[in-house]
Amino acid sequence: MTRSVPRQEPTAMPRLALYASIFCVLSVAAAVVSFVQGSWLGIVWVLLAGLSSNMTWYYVKRARAQKSVTG
């Protein structure tokens, strides 16, 4: 006898989290380019990468919490 087990669908990443993660990757790339060129402006890009990374986690967690509350 085969039992049917419901599969859990992967959840889509919220749009703001996706934008924040793309910005994070781009700001890391900009920081690398800045440091390779010898510019200290890369520090600003590193800080922006950290901020956008935190924003990504926030939006992902918020979407998971809203989904668990609404069912």
ask   = What pair of heavy atoms forms the shortest contact from Ala31 to Gly42, and how long is it?
value = CB-O, 3.8 Å

message = Quick check: is Val46 connected to Trp40 through a chain of hydrophobic side chains (ILVMFWY, heavy atoms under 4.5 Å apart)?
response = yes

query = Thr56 side chain to Ser21 main-chain N or O, any donor-acceptor pair under 3.5 Å?
reply = yes

query = Same hydrophobic cluster for Leu26 and Leu51, using side-chain heavy-atom links shorter than 4.5 Å among ILVMFWY?
reply = no

query = Got a donor-acceptor contact below 3.5 angstrom from the Ser53 side chain to the Ala49 backbone?
reply = no

Beyond-backbone contact of Val33 with Trp45, side-chain heavy atoms, under 4.5 angstrom = no

request  = Specify the closest pair of heavy atoms between Pro14 and Tyr59, including all atoms of both residues, with the distance to one decimal.
outcome  = CG-O, 3.7 Å

task = Tell me whether Leu18 is reachable from Tyr58 by hopping between hydrophobic residues (I, L, V, M, F, W, Y) whose side-chain heavy atoms are closer than 4.5 Å.
result = no

ask   = Would Val44 and Leu47 show up in the same hydrophobic cluster when neighbours are defined by side-chain heavy atoms closer than 4.5 Å?
value = no

